[in-house]
Amino acid sequence: MTELVSYRLAGKIGVVTIDNPPVNAFSHAVRKGLLRRILDAGQDDAAAAILIVCAGRTFVAGADISEFDKPPEDPWLPEVLDAVEGCPKPVVTAVHGTALGGGFELVLASHYRCALNSARIGLPEVHLGLLPGAGGTQRTPRLAGAEAALELMTTGKPIGAGKALSLGLIDRVFDDELEQHALAWCEELIDNGSGPLRVSERSVPALDAAFFDGAREQLARRARGQLAPQKIVDCIEAATQMPFTEGAEFERQRFAECLGSPQSAAMRHLFFAEREAAKLKDVPKDTEARELRSVGVIGAGTMGGGIAMSCANAGIPVKLLDVDDAALERGLGVIDTNYAISVKKGRLAEDEAKRRRERIVSTTDYADLADVDLVIEAVFEDPELKKRIFAKLDSVCKAGAILATNTSYQDVDEIAAATGRPGDCLGLHFFSPANVMKLLEVVRGAKTADDVLTTAIRFAKAIRKVPVVARVCYGFIGNRMFNPYIRESQQLLLEGATPEAVDGAFYEFGMAMGPIAVSDLAGLDIGYKARMALPEDLRGSDVPFTVADRLVEQGRLGQKSGAGFYNYDPKTRRATPEPAVTAMIEEASRELGIERRSIDAAEIVERPLFALVNEGLKILEEGIAQRPGDVDIVYLYGYGFPAYRGGPLFYADSIGLDKVLSRIREFDERFGSGKPAPLLEALVAEGSSIAERFAR
Ligand code: 3HC
Ligand code: NAI
């Protein structure tokens with residue numbers, strides 16, 4: 001078995017290699033191994049300098065996140081890195097792949113730093129509700145200044161080696177042969193008699209307190225509700241005010257506070273849930289994906305255009321089909337505008353935008369789809385139309401081509417049955433705008449073949465989406481849960497809440513947008529039509545939607561018509577309340593005989609949110625979702641659920657299922673909000689959490 005941290009001599013250079021696949025995370029064993037190797041190398045008379053490198057695909061990707069839930073074990077990472085920095089011989093680190101979190105902190109603790117041109121470095125701890133806890137908040141500003149350090153740590157975005165070089169975070173960059181170049185540099189250091197250059201011994205230029213106050217204010221808006229970004233500012237400020245050891249101690253305490261916070265637990269859950277969601281429980285791991293080199297998209301509307309862009313952005317050529325030239329021109333016009341905006345905003349170089357755009361060709365002829373590997377249908381939400389299109393695809397597409405529908409609600413099995421190859425069919429449910437939103441629900445039909453699913457997941461990753469697998473039901477995971485959530489939020493209006501109060505309470509809870517504002521965004525007519533198309537058993541009472549339906553009758557369709565529940569500024573799209581809508585809501589309550597009352601923010605949030613959780617549990621019980629984490633990922637990436645609450649099911653566990661159950665029962669008795677899911681009752685009866693029941 002290879003050692004996790006090995007040591008060898010290359011001439012006068014002691015080479016320490018970390019080899020802990022897949023990403024060389026700093027597990028306890030690696031920390032222990034590195035400490036021992038560094039101390040030994042420091043004592044090795046044959047070594048005049050030390051080089052630290054990593055085996056495999058990447059440099060160290062940080063602390064081992066799976067160990068954060070376990071009791072801490074010595075040596076801690078800061079201790080190991082202090083030993084690296086304290087080494088009496090020059091220590092060089094050489095980065096390939098990514099050096100992230102604790103991995104980059106190792107780089108900062110070394111005396112000389114080099115990287116491959118293609119390498120990236122970053123401090124992404126903030127995405128885990130943490131801050132760099134092994135000296136990163138103290139050493140980064142000493143090399144790159146407080147401003148750059150703040151940007152790196154509060155965005156969590158990795159930067160390329162070139163940028164790191166210009167910021168002074170890396171000293172040398174090489175195009176290839178990293179280890180050879182790094183060894184040559186070590187020789188140079190030895191020949192020049194260069195000793196250790198310790199970052200902790202450098203000073204940080206003082207900065208005005210106003211800079212840090214400004215950063216706190218900005219982050220209170222940009223990272224609303226989150227603890228870690230505020231503590232990162234505190235630590236960087238400490239770096240400008242305190243000697244290194246004091247600053248490092250300050251950092252350690254703040255790190256411990258973050259690590260013990262519910263926010264970090266929630267975000268760590270999402271880290272692993274995202275990776276797990278891409279795994280199919282009952283499909284053999286070695287299932288080979290089909291070749292996927294080209295895509296056809298049917299329908300150049302809102303979704304089809306975004307889907308085509310997602311593929312083109314990832315280098316996949318697209319054939320975009322619509323009924324006639326006028327429809328295609330309209331669709332391509334929107335695509336052109338989107339690319340032009342990206343170029344104008346400096347997010348995309350003009351030549352790259354051109355290359356991407358050129359990957360999309362248009363057609364009105366199905367024969368042009370004969371040789372594509374995957375077709376994604378995104379025409380109107382009309383099941384009969386979709387079936388006709390699938391029958392047509394069956395007759396023109398080559399054998400082995402995958403046929404997908406982007407339907408929001410329709411039965412994927414029925415659509416697949418319109419073809420003679422249901423095994424090749426599935427749902428690929430994108431979210432709007434499809435070129436921006438990261439979620440992709442992969443809807444698995446009863447007959448979808450294993451290799452089709454494997455290909456779909458690989459495709460999702462290739463176009464930089466987060467795939468979550470769902471079985472067939474009305475609305476799959478996301479939209480099915482959303483319906484009772486919206487229903488309850490509408491009902492609250494009739495009982496006494498205003499649209500601003502409902503949206504305000506959810507905004508405070510951390511949602512990107514409240515449910516009433518979301519209804520306006522999606523279009524009140526869309527919700528209306530979808531409800532009307534539902535079979536009786538799924539439709540439920542129309543009463544909660546009394547106001548929404550009246551708004552549709554008045555042509556107030558939401559943002560797209562400039563007015564819905566709110567009025568929208570045509571330029572800024574800023575929402576303002578409309579007194580006539582308030583009067584309409586009050587009148588509807590009167591007509592329905594509902595006595596309006598004052599409803600506090602806690603109840604406003606609990607009613608729709610617990611309805612969401614309840615439906616999520618039904619979905620789990622029916623096997624529509626594979627695991628609770630999948631439901632959480634759908635809500636994180638598809639519906640703007642705050643990451644620091646971990647998704648609806650994690651959140652339900654965190655506040656206690658007994659509380660959720662008793663409130664759902666109470667709401668049902670008082671307002672007829674719906675019965676608790678049998679799974680919820682069973683979990684409370686047996687005293688277990690959702691996570692415990694569905695543990696891996
Ligand atoms: N700890 C434990 N496991 C990790 C890990 C980590 N830091 N990083 C990745 N993994 C695991 C993943 O869970 C996955 O496991 P699986 O195969 O069982 O699902 C496997 O490694 C491969 O990961 P990805 O699927 O994400 O592989 P990619 O090639 O797509 O991405 C990566 C590689 C860019 C390194 C990405 O994994 C990543 O961003 N990792 C997390 C980096 C991070 O957040 N580091 C900071 C940790 S906190 C810290 O360092 C605290 C310190 O300041 C004290
Ligand atoms: P849209 O109305 O913007 O676009 C539909 C396009 O399909 C139009 O360009 C139309 O000309 C074209 N079309 C109609 N009949 C056709 C035919 N026979 N052959 C070829 N093209 C045809 O609709 P949108 O919003 O893009 O929705 C498309 C699908 O995506 C629907 O099934 C919808 O439920 C689903 N969806 C929509 C989301 C949204 O937020 N808009 C989100 C997720 C899924």
Side-chain angles (χ1 to χ4, degrees), residues 20-27 31 57-68 76-78 81 97-106 120 122-137 153 156 158 251-252 255 258-259 264 267-268 271-279 297-307 320-324 326-328 330-331 334 363-364 366 376-383 385-386 388-389 392 405-410 415 427-434 437 439 441 461 476 478-479 521-523 526 529-530 638 696:
N20 182 27
V23 296
N24 289 314
F26 268 134
S27 63
R31 297 196 303 274
R57 69 194 220 217
T58 179
F59 198 78
V60 177
D64 186 329
I65 303 165
S66 65
E67 287 186 358
F68 285 147
W76 286 26
L77 191 55
L81 301 194
T98 42
L100 298 176
F104 183 56
E105 289 175 299
L106 165 62
R120 296 174 75 73
L123 292 166
E125 286 89 342
V126 72
H127 297 308
L128 300 166
L130 297 172
L131 49 88
T137 66
M153 290 178 221
E251 173 197 90
R252 229 155 282 174
F255 179 80
C258 286
L259 189 60
S264 177
M267 291 166 97
R268 285 173 353 236
F271 176 84
F272 288 113
E274 177 175 337
R275 281 151 185 84
E276 221 182 351
K279 292 176 188 149
V297 175
I298 305 187
T302 311
M303 295 307 288
I307 295 168
L320 184 59
L321 183 148
D322 210 306
V323 278
D324 53 30
L328 283 170
R330 229 179 9 251
V334 174
T363 181
T364 51
Y366 275 82
I376 304 170
E377 166 279 308
V379 303
F380 305 136
E381 187 71 348
D382 170 352
L385 174 62
K386 287 181 190 289
R388 280 202 302 279
I389 288 178
K392 179 89 186 157
T405 172
N406 180 47
T407 180
S408 307
Y409 293 99
Q410 305 307 323
I415 297 171
L428 287 178
H429 182 221
F430 289 78
F431 287 70
S432 182
M437 296 293 280
L439 180 65
E441 276 183 315
K461 289 183 177 173
F476 318 122
N479 283 342
L521 179 68
I526 302 284
K529 277 189 211 145
R696 269 188 274 179

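Note that ligands are numbered from 1 as they come in the structure, with each ligand's atoms numbered from 1 the same way.
- Any N or O atom pair closer than 3.5 Å counts here, and Gly102 shares at least one such pair with ligand 1.
- For ligand 1, the polar-atom distance check finds no N/O of Thr98 at less than 3.5 Å from any of the ligand's N/O atoms.
- Contact annotation: for Ile298 versus ligand 2, heavy atoms closer than 4.0 Å belong to the side chain alone.
- For the pair Phe272 and ligand 1, the shortest N or O to N or O distance does not fall below 3.5 Å.
- Proximity of Thr58 to ligand 1 is not established, as no heavy-atom distance is less than 4.0 Å.
- Residues forming a side-chain hydrogen bond (donor to acceptor under 3.5 Å, both in side chains) with Ser408 (at least two apart in sequence, or on another chain): none.
- Of the polar atoms of Ser66, none of the N or O atoms is found under 3.5 Å from an N or O of ligand 1, judged by distance alone.
- Using 4.0 Å as the threshold, Pro124 has a heavy atom nearer than that to some atom of ligand 1.
- Heavy-atom distances between Phe271 and ligand 1 reach below 4.0 Å in at least one pair.
- Of the polar atoms of Asn406, at least one N or O is found under 3.5 Å from an N or O of ligand 2, judged by distance alone.
- Comparing Arg275, Glu125, Glu67, Lys279 against atom 37 (O) of ligand 1, the shortest heavy-atom distance belongs to Arg275.
- Taking a distance limit of 4.0 Å, we find that atom 23 (O) of ligand 2 is approached by no protein heavy atom.
- For Ala134, no nitrogen or oxygen atom sits less than 3.5 Å from a nitrogen or oxygen atom of ligand 1, counting backbone and side chain alike.
- Residue Leu77 places no N or O, backbone or side chain, under 3.5 Å from any N or O of ligand 1.
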